Amino acid sequence: MADRSSPLAVYVPGASVVHRLPAGAKLLALVAAGAAVLAIASPLAAGIAVATALLGFALARLSLRYAWRGVRPTWIFLIGIFAFQWWSADLSRAVGVVGSIVALLLAATLVSLTTRTSDMIDAIVWLLRPLRRVGVDPDRIALQLALGVRAVPLIAELAETARQAQYARGRRASPRAFAVPLVVRALRRADAMSDALRARGLDD
Amino acid sequence: MTDAPLAPRNRTRDLTQIAVFAGIVAALGVVPAITIPGPGVPITLQTLGVMLAGAVLGSKRGFSAMLLFNVLVLAGLPLLAGGRGGLAVLASPTVGYFIGFPIAAFAVGWLVERFGTPFRLLPGILATVVGGVFVLYVPGIIGVALMAKIGVGAAALSALAFLPGDLAKAVIAALIARGVHKAYPGLISGRRHRRKAAPSPASAPAVDA
Amino acid sequence: MIELHGVSVAFGDGAQLRWVLDDISVVLCEQRIGIIGANGSGKSSLARLLNGLLLPTSGTVSVDGFDTKRDGREVRRRVGFCFTDPDSQIIMPTVGEDVAFGLGRRGLSKAEIAARTADALEQVGLADRADHPAHLLSGGQKQLLALAAVLVTEPSILVLDEPTTLLDLRNSRAIAARIARLPQQVVLVTHDLDLLRTFDRALVVHDGRIHFDGSPSDAIAAYRAAIDADGAL
Amino acid sequence: MIELHGVSVAFGDGAQLRWVLDDISVVLCEQRIGIIGANGSGKSSLARLLNGLLLPTSGTVSVDGFDTKRDGREVRRRVGFCFTDPDSQIIMPTVGEDVAFGLGRRGLSKAEIAARTADALEQVGLADRADHPAHLLSGGQKQLLALAAVLVTEPSILVLDEPTTLLDLRNSRAIAARIARLPQQVVLVTHDLDLLRTFDRALVVHDGRIHFDGSPSDAIAAYRAAIDADGAL
Ligand SMILES: Nc1ncnc2c1ncn2[C@@H]1O[C@H](COP(=O)(O)OP(=O)(O)OP(=O)(O)O)[C@@H](O)[C@H]1O
Ligand SMILES: Nc1ncnc2c1ncn2[C@@H]1O[C@H](COP(=O)(O)OP(=O)(O)OP(=O)(O)O)[C@@H](O)[C@H]1O
Ligand SMILES: O=C(O)CCCC[C@@H]1SC[C@@H]2NC(=O)N[C@@H]21
Ligand SMILES: [Mg+2]
Ligand SMILES: [Mg+2]
């Protein structure tokens with residue numbers, strides 16, 4: 001079975017200011033932060049950025065454990081970037097660059113933790129509305145995004161059960177015996193999901 | 001096609017197939033990535049998923065699957081190798097490869113469609129190599145050059161480290177795609193091989209017996 | 001009211017063509033209709049015909065006068081469908097969002113969507129789980145969620161394809177009780193013959209044909225007889 | 001013989017840690033053992049412990065003296081496992097290839113593999129489907145295929161996790177009859193209480209503990225009582 005504590009169980013219910021901010025505003029702030037981070041290189045600026053992000057966690061009444069969980073998967077990368085920057089530039093720049101990436105990771109994590117996926121998707125759709133004129137259907141995109149979010153744990157679960165089934169039959173995975181049935185099963189799953197969608201009247 | 005009585009073109013199923021392949025590429029990100037010394041671009045199994053998306057779903061849906069994957073990553077889901085996600089990706093040295101994912105899937109799918117149905121191994125490998133390796137490396141190398149502030153030549157040199165692995169992935173992707181098309185015919189709408197006298201035993205149109 | 005006229009369904013083509021349903025004509029208007037039959041007899045295919053998920057190879061299927069081939073959208077608005085496997089029916093991450101999802105694109109206000117969602121969750125006993133991650137529910141709860149997600153769209157007919165197979169005694173009782181109280185017309189495919197006791201009518205599907213059509217107790221008897229006649233596996 | 005000593009299983013970590021099985025000690029040596037209990041009570045987790053699919057967080061599980069943690073391979077050679085969802089067990093594209101898959105890498109001749117495969121398919125009534133694409137079988141047929149795929153490897157113990165949920169009357173009877181005739185020790189998880197009638201022993205799992213252990217009829221009574229005590233959902 002898939003690891004059910006995966007970071008995909010993102011939303012943490014709450015009623016804080018951060019939770020109540022409109023999803024669109026949070027997304028735009030994140031985009032702005034992403035652009036700002038590109039410009040940051042000094043340790044001081046990076047420190048301020050990290051502190052600001054952590055303040056957001058405090059406002060959202062989320063413990064630092066959540067913040068750490070947002071950064072943890074990336075630490076090996078951060079070390080790589082740190083070493084590379086130190087080697088190619090200097091220590092101060094390494095601190096600045098890595099610090100700014102950490103700040104951005106924290107901000108992105110904060111937005112994910114305080115925003116329902118459906119609100120996030122609504123916001124993306126709202127942002128995409130101007131594209132309606134060039135033939136983009138925002139509702140279809142919303143559905144596509146929701147399905148993508150759903151597919152991630154679904155495939156992880158399929159892969160895990162497939163692994164277990166092989167294990168139970170006492171054989172190790174070979175690409176043909178593992179990947180092919182897994183992809184076929186994923187496609188069957190797609191069929192079942194599209195049937196379910198159509199049954200719920202969500203087709204075109 | 002086994003689903004003759006279904007509506008001939010099923011737009012809802014396009015959506016779910018695209019989603020499922022975004023999920024497959026995400027699942028491949030769980031396999032630990034090896035970061036080689038250099039500008040911080042990991043060796044990852046996700047390129048295998050990129051090639052598969054194109055080779056199994058074809059150009060348009062393959063492209064959409066990878067675009068969806070990228071949007072989910074940018075929206076903050078930690079789906080890249082090593083559990084990375086969020087807009088920070090755009091500031092990392094891998095950004096060129098990242099942006100190249102949809103383009104590469106499209107290229108693989110486009111070639112597979114040109115080569116027609118049923119899917120054959122050798123043209124399939126050609127498609128995954130050209131689309132999934134060479135087409136992917138162009139934006140990838142440019143990205144490394146820009147982000148790590150090194151010359152294109154040096155960046156291209158750094159990509160050489162990926163070549164053996166990516167060629168192996170291309171062959172595996174084509175093998176998997178062949179198996180999938182055999183078990184689940186009708187995914188690629190490319191033209192059928194015209195010569196019906198083709199001696200190939202694989203030319204039977206329906207499910208293998 | 002659902003009408004099938006000379007409906008046949010084939011899968012595959014060429015040498016691999018297989019007829020799965022064969023010249024079925026039947027009018028379904030009772031409130032509670034059961035469909036039973038052996039594995040592979042064609043029950044699910046028959047059920048999927050009823051809301052246009054599957055289109056007949058020949059013949060016509062219509063719901064309240066709307067043909068599933070021509071007016072698919074009208075048909076699906078009237079006919080709600082629940083599948084055996086609840087996992088592929090879950091789309092959104094949390095329970096509440098998943099139920100609300102079916103109400104999108106209907107021009108309803110946020111408040112109305114919230115109210116209807118809460119109501120549907122209440123009906124299946126999941127009211128306190130609205131913010132729970134949907135894929136972490138137990139199998140039984142997932143099946144109840146799938147039912148809520150269909151009920152919220154207020155279909156006038158419900159088609160349920162083995163909705164209790166994964167459930168324990170208590171959960172399958174809960175679903176059975178819930179089905180008994182539904183105001184809608186219900187077409188239920190099941191292997192759990194006990195579920196049909198209180199039904200108005202039952203069809204036995206055998207080898208792609210309607211082998212028996214009548215009261216549930218007679219249908220169950222006919223089904224058992226057919227199996228015994230075929231001999232053990 | 002299967003022995004569990006002080007076995008506990010937890011999922012998740014940190015704040016999300018959940019104990020799913022709690023300090024279970026039991027020796028399973030009867031020929032026919034049933035496991036029943038509510039959805040989410042821990043039955044499948046218990047079953048998965050028995051062939052090392054799941055390793056205990058604390059405590060030990062051993063099969064014929066082999067520890068599932070240290071001698072996983074020996075354990076799996078002895079214990080065959082059937083999952084509820086037959087789809088996840090189908091590995092190869094056609095029915096025959098899928099059954100034959102379990103016989104690979106054993107140094108058997110092609111002829112012998114073919115013979116054993118044909119025999120296993122015969123036993124579950126799928127002999128005429130050997131060349132059929134496995135994923136296009138009906139749900140019930142898939143479950144039969146899964147059973148054949150396990151039987152063909154000739155394990156000395158069979159653990160079956162709800163192997164009849166998708167089956168019709170005849171097929172579940174056939175599987176029940178087939179199970180009754182098996183020379184192997186069988187541990188069967190099920191919601192179908194009728195299946196246990198002829199069993200030697202039944203365990204009721206409740207909330208991660210063994211709530212009852214004794215004869216099937218007593219176990220069924222204890223299970224019903226526990227559900228009624230908990231009240232409706
Ligand atoms: N897409 C498909 N392509 C080819 N054959 C199919 C397809 N779907 C179903 N079939 C075949 O049609 C027959 C009837 O299938 P159906 O699912 O309707 O049976 P069922 O009565 O629901 O069985 P069960 O009780 O096992 O669910 C089966 O033999 C099945 O293999
Ligand atoms: N990989 C996992 N991660 C987290 N929780 C899990 C995992 N696997 C099972 N659980 C939880 O453990 C509990 C017991 O699950 P299990 O599958 O053993 O129940 P079960 O008795 O087989 O239920 P059912 O009758 O529905 O099959 C459930 O609450 C389930 O949600
Ligand atoms: O994770 C990312 O941000 C993108 C990773 C890109 C890695 C590239 S893709 C082509 C080449 N082959 C590999 O195995 N890694 C690199
Ligand atoms: Mg069925
Ligand atoms: Mg279980």
Side-chain angles (χ1 to χ4, degrees), chain A residues 7-8 10 27 30-31 33-34 37-38 70 72-74 76-77 80-81 84 88 100-101 104-105 107-109 111-112 120 124 140 143-145 147-156 158-159 175-176 179-184 186-195 197-198 202-204, chain B residues 3 6-7 10-27 30 33 35 37-40 42 48 52 56 64-65 68-69 71-72 74-79 82-88 90-93 148-150 172-173 175-180 182-184 187:
Chain A
L8 275 180
V10 274
L27 266 186
L30 201 54
V31 174
V37 149
L38 282 178
R72 188 177 53 188
T74 318
I76 205 162
F77 260 87
I81 293 172
F84 183 73
S88 68
S100 62
I101 294 177
L104 193 51
L105 280 173
T109 308
V111 173
S112 313
M120 182 92 81
I124 293 177
R140 199 169 152 82
L143 182 53
Q144 181 70 85
L145 287 171
L147 289 171
V149 173
R150 172 73 187 122
V152 172
L154 205 63
I155 299 297
L158 281 187
R176 172 151 143 91
V180 173
L182 184 61
V183 175
V184 170
L187 288 166
R188 306 285 302 170
R189 212 27 112 91
D191 286 351
M193 285 170 77
S194 88
D195 277 355
L197 280 173
R198 297 204 302 140
L202 289 159
D203 58 346
D204 310 284
Chain B
D3 54 352
L6 285 175
N10 187 334
R11 296 196 3 156
T12 314
R13 191 163 54 169
D14 288 353
L15 292 182
T16 54
Q17 287 178 343
I18 288 164
V20 146
F21 266 81
I24 288 175
V25 177
V30 175
T35 308
L48 178 67
L52 264 184
V56 171
S64 302
L68 172 62
F69 174 80
V71 171
L72 294 177
L74 292 178
L77 297 187
L79 306 180
R84 288 164 307 121
L87 295 165
L90 294 181
S92 87
K149 310 221 159 44
I150 53 178
I172 294 172
L175 276 167
I176 296 174
R178 184 180 63 169
V180 171
K182 209 169 130 187
Y184 195 114
L187 286 162

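Since we're looking at a predicted model, the values are computed, not measured. Within every chain, numbering begins at 1; the chains are lettered A, B, ... in the order of the sequence lines, protein sequences first and strands thereafter.
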Seminar exercise, completed: B/Val180 and A/Val184 have their tightest heavy-atom pair at CA-CG2, 4.2 Å
Exercise. Which heavy atom of B/Ala19 sits nearest a heavy atom of A/Gly148, and at what distance?
Worked result: CB-N, 3.8 Å
Problem set entry | Closest approach of A/Val180 to B/Ile176 (non-hydrogen atoms, all atoms of both residues) | CG2-O, 3.8 Å
Exercise. What part of B/Phe21 is in contact with chain A, defined as an atom under 4.5 angstrom from a non-hydrogen atom: side chain, backbone, both or neither?
Worked result: side chain
Exercise. Side chains of A/Leu145 and B/Leu68: closer than 4.5 Å at any heavy-atom pair?
Worked result: yes
For this session: Pick one of side chain, backbone, both or neither for B/Ala26, based on which atoms fall under 4.5 Å of a heavy atom in chain A.
Result: side chain
Exercise. Out of curiosity, A/Arg140 CZ to B/Asp14 CG, how far, rounded to the nearest 0.5 Å?
Worked result: 6.5 Å
Exercise. Given that the side chain runs from C-beta out, which part of A/Ala186 has a heavy atom under 4.5 Å from chain B: side chain, backbone, both or neither?
Worked result: both
Problem set entry | Side chain, backbone, both or neither of B/Val20 within contact of chain A (heavy atoms, under 4.5 Å) | both
Problem set entry | Residue selection (most heavy-atom pairs with chain B, distance under 4.5 Å) from A/Val183, A/Leu147, A/Leu187 | A/Leu187
Problem set entry | chain A contact via B/Val56 - which portion, at a heavy-atom distance below 4.5 Å | side chain
For this session: To the nearest 0.5 Å, tell me how far B/Thr16 OG1 sits from A/Arg189 CZ.
Result: 11.5 Å
For this session: Output yes when a side-chain donor or acceptor of B/Gln17 lies under 3.5 Å from a complementary backbone atom of A/Ala190, and no otherwise.
Result: no
